[in-house]
Engineer: 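This is the structure, below, for whatever I ask next.
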Amino acid sequence: MVNKYYDLVTSFYEFGWGESFHFAARWNGESLRESIKRHEHFLALQLGLKPGDKVLDVGCGIGGPLREIARFSSTSVTGLNNNEYQITRGKELNRLAGVDKTCNFVKADFMKMPFPDSSFDAVYAIEATCHAPDAYGCYKEIYRVLKPGQCFAAYEWCMTDSFDPNNREHQKIKAEIEIGDGLPDIRSTRQCLEALKRAGFEVIWEKDLAVNSPVPWYLPLDKNHFSLSSFRLTAIGRFVTKNMVKALEFVGLAPKGSQRVQDFLEKAAEGLVEGGRKEIFTPMYFFLARKPASESQ
C-alpha cells in the first residue's frame, strides 16, 4: 500500500514541499525552508553526531534530510527506503549535491533490515515509522542494527492525549489523514513510548514539539494563509496545480490517476489542518532513546 502510494505522490510532494517531506515547528520571521533545515539540524545535534559517524535514516524519502544532516555533521548517512522511484530520484539528487561518495540508499523494508547487528552509530526517522504496521516490531529492528550505547531519535506522527476516539469529528479527521497519507492506524504518543520501552530502549527525553510553536506547523497547508515564498501550498497555488494536473492528465502528459492523487492529498491536507487546530494530532512527537551499553543494563 505504502509503495504504490509513494509512486504516485512523490512528484507532488517535491513540487509543493521541496526535497524534505516533513513539517517543522517555526519561529516568527522564519521561512518554511529555514524551519525545515533547523528541524533537521536539531535532530543531528540531539544525536550528538560526529564527523565520520555511520548513520541510518529510516524511511528516507528522496533524501532531503539525509543530505542536509550529512553536510551539517560530516557523517556518512545510509537512507533506507522500500520505493524504487524515490531511491532513483534520491541518487540523482545525491550526485548533484556532491554527497554520493559518502551517502547511499538501500532498498528494503524497515521491518526487516538487511544489516548486521550493531551496524550504526546513530539512527533517526523523520515522520516515516508511522507507516510501520507494528511500532514495536519496527523499533525492535532499529534497536538491533544500532550499536550498544548509541541513540535513536525520531519525529512521529501521533494522535495526542486530546484525541477522543468516541468523538465523531475526531474520528473523521483521523480517517482523512490516514486515507490521504496512506497510513495504517495512527498511534497515540503513549503507544509509541510504550513500544520504545518494550523494544529495549531507554527514553532520554520526549516531547510533542508542536506544543507552543510560535507559528503553527500546519500553516503552510491552511487555505486561509497566503505566502509568496510557499505559493504552491496556498489555496490559489493548489487551485492552479489542481487544474494544471487535470489538463496534463487529459492530454496524456501526466500519468493516469494523477488527478485522483491530487484529490487525496487535498483531503489529507484538510484533515492535517483540522487535526492541528484542534491539537488532536501532531507530526512531531519527538523522542531521543538510547540502546543500553550492555544488554544487562
Side-chain angles (χ1 to χ4, degrees), residues 19-22 24 36-82 87 90 94 97 99-106 108-132 135-156 192-193 195-207 209 284-295 297:
E19 295 176 21
S20 296
F21 303 163
H22 64 80
I36 284 174
K37 282 192 174 189
R38 181 176 50 75
H39 207 57
E40 293 163 359
H41 295 173
F42 176 82
L43 201 67
L45 290 169
Q46 288 298 311
L47 285 168
L49 299 184
K50 303 180 297 296
D53 276 354
K54 190 177 176 184
V55 184
L56 178 65
D57 180 333
V58 179
C60 62
I62 60 173
L66 176 158
R67 286 181 288 280
E68 187 64 36
I69 287 172
R71 288 178 295 201
F72 177 74
S73 58
S74 299
T75 52
S76 174
V77 187
T78 295
L80 188 72
N81 194 326
N82 205 26
I87 288 176
N94 274 9
V99 298
D100 51 317
K101 298 293 190 295
T102 55
C103 298
N104 68 310
F105 293 89
V106 172
D109 183 349
F110 50 56
M111 299 298 288
K112 192 175 182 181
M113 301 183 198
F115 307 117
D117 294 357
S118 306
S119 294
F120 296 95
D121 298 302
V123 180
Y124 69 83
I126 301 178
E127 300 182 25
T129 46
C130 52
H131 286 287
Y136 165 74
C138 179
Y139 296 159
K140 192 68 179 175
E141 187 66 351
I142 289 169
Y143 183 95
R144 181 184 69 78
V145 303
L146 182 63
K147 292 178 181 178
Q150 303 306 308
C151 291
F152 165 45
Y155 295 119
E156 281 281 12
C192 285
L193 199 57
L196 265 177
K197 292 175 180 177
R198 277 184 60 211
F201 283 105
E202 300 169 345
V203 179
I204 297 171
W205 74 281
E206 47 82 29
K207 182 183 179 183
L209 298 185
M284 54 191 76
Y285 174 58
F286 174 82
F287 56 74
L288 178 65
R290 176 178 172 270
K291 179 177 179 176
S294 66
E295 294 298 327
Q297 276 189 273

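Side-chain atoms are counted along with the backbone in the values below, which use heavy atoms only and exclude waters and symmetry mates.
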Engineer: Would a 4.5 Å heavy-atom cut-off, applied to side chains only, mark N94 and F105 as touching?
Structural biologist: yes
Engineer: Does any part of the side chain of H22, heavy atoms only, come nearer than 4.5 Å to the side chain of H39, both counted from C-beta?
Structural biologist: yes
Engineer: For the NE2 atom of H41 and the CZ atom of R71, what is their distance to the nearest 0.5 Å?
Structural biologist: 8.5 Å
Engineer: Does any non-hydrogen side-chain atom of V106 lie less than 4.5 Å from one of M113?
Structural biologist: no
Engineer: Can you give me the closest heavy-atom contact between D57 and P65, atom names plus distance?
Structural biologist: OD2-CB, 4.3 Å
Engineer: Work out which heavy atom in S119 is nearest to a heavy atom in K147; give both atom names and the distance.
Structural biologist: O-CE, 3.9 Å
Engineer: Is there side-chain contact between L193 and V203, with at least one heavy-atom pair below 4.5 Å?
Structural biologist: yes
Engineer: Any idea which heavy atoms bring C130 and E156 closest together, and the distance?
Structural biologist: N-OE1, 3.4 Å
Engineer: Start with the C-alpha gap between D121 and V55, add the side-chain angles, then the distance that decides, and say whether side chain to side chain contact (heavy atoms under 4.5 Å, CB included) holds.
Structural biologist: CA-CA 6 Å; D121 298 302; V55 184; 5.6 Å; no
Engineer: With side chain to side chain contact (heavy atoms under 4.5 Å, CB included) as the criterion, how do E202 and K291 come out once you've worked through the C-alpha distance, each side chain's angles and the decisive distance to 0.1 Å?
Structural biologist: CA-CA 6 Å; E202 300 169 345; K291 179 177 179 176; over 6 Å; no
Engineer: Taking the six-membered ring for Trp, are the ring centroids of F201 and Y143 within less than 6.0 Å of each other?
Structural biologist: yes
Engineer: To the nearest 0.5 angstrom, please state how far the CZ atom of R67 sits from the CG atom of D100.
Structural biologist: 10.5 Å
Engineer: Run the side chain to side chain contact (heavy atoms under 4.5 Å, CB included) test on I69 and L49 for me, step by step, so that the C-alpha distance in whole Å, both residues' side-chain angles and the decisive distance to 0.1 Å come before the verdict.
Structural biologist: CA-CA 9 Å; I69 287 172; L49 299 184; 3.7 Å; yes
Engineer: Strictly below 4.0 Å, N to O, side chains only: are D109 and K112 in salt-bridge contact?
Structural biologist: no
Engineer: Drop me the distance from N82's CG to H131's NE2, to the nearest 0.5 angstrom.
Structural biologist: 12.0 Å
Engineer: Between C60 and L66, what is the shortest heavy-atom contact and its length?
Structural biologist: CB-CD1, 4.5 Å
Engineer: Can you tell me how far the OH atom of Y139 sits from the CG atom of L146, to the nearest 0.5 Å?
Structural biologist: 14.0 Å
Engineer: With side chains defined as the heavy atoms from C-beta onward, is the minimum distance between F152 and V58 less than 4.5 Å?
Structural biologist: no
Engineer: Does either side chain, that of S20 or that of E68, offer a donor lying less than 3.5 Å from an acceptor on the other one?
Structural biologist: no
Engineer: Give the minimum heavy-atom separation between P148 and A293, together with the two atoms involved.
Structural biologist: CB-O, 3.4 Å
Engineer: At what distance, to the nearest 0.5 angstrom, does CD of E141 lie from OG1 of T129?
Structural biologist: 13.5 Å
Engineer: Looking at L47 and Y124, what are the two nearest heavy atoms and their distance?
Structural biologist: CD1-CB, 3.9 Å
Engineer: To the nearest 0.5 angstrom, please state how far the OG atom of S76 sits from the CG atom of D53.
Structural biologist: 9.5 Å
Engineer: Test I126 against L43 for side chain to side chain contact (heavy atoms under 4.5 Å, CB included), laying out the working first.
Structural biologist: CA-CA 9 Å; I126 301 178; L43 201 67; 3.7 Å; yes
Engineer: Can you tell me if E206 uses its side chain to pair, donor with acceptor, with the backbone of L288 under 3.5 Å?
Structural biologist: no
Engineer: May I ask you to decide if F115's main-chain N or O and R144's side chain share a donor-acceptor pair within less than 3.5 Å?
Structural biologist: yes
Engineer: Could you tell me whether the side chain of N81 and the main chain of G61 form a donor-acceptor pair under 3.5 Å?
Structural biologist: yes
Engineer: So, is the end of the K54 side chain (NZ or CZ) under 6.0 Å from the ring centre of F120 and within 45° of the ring's axis?
Structural biologist: yes
Engineer: Are Y155 and Y285, when compared by the centres of their aromatic rings, separated by less than 6.0 Å?
Structural biologist: no
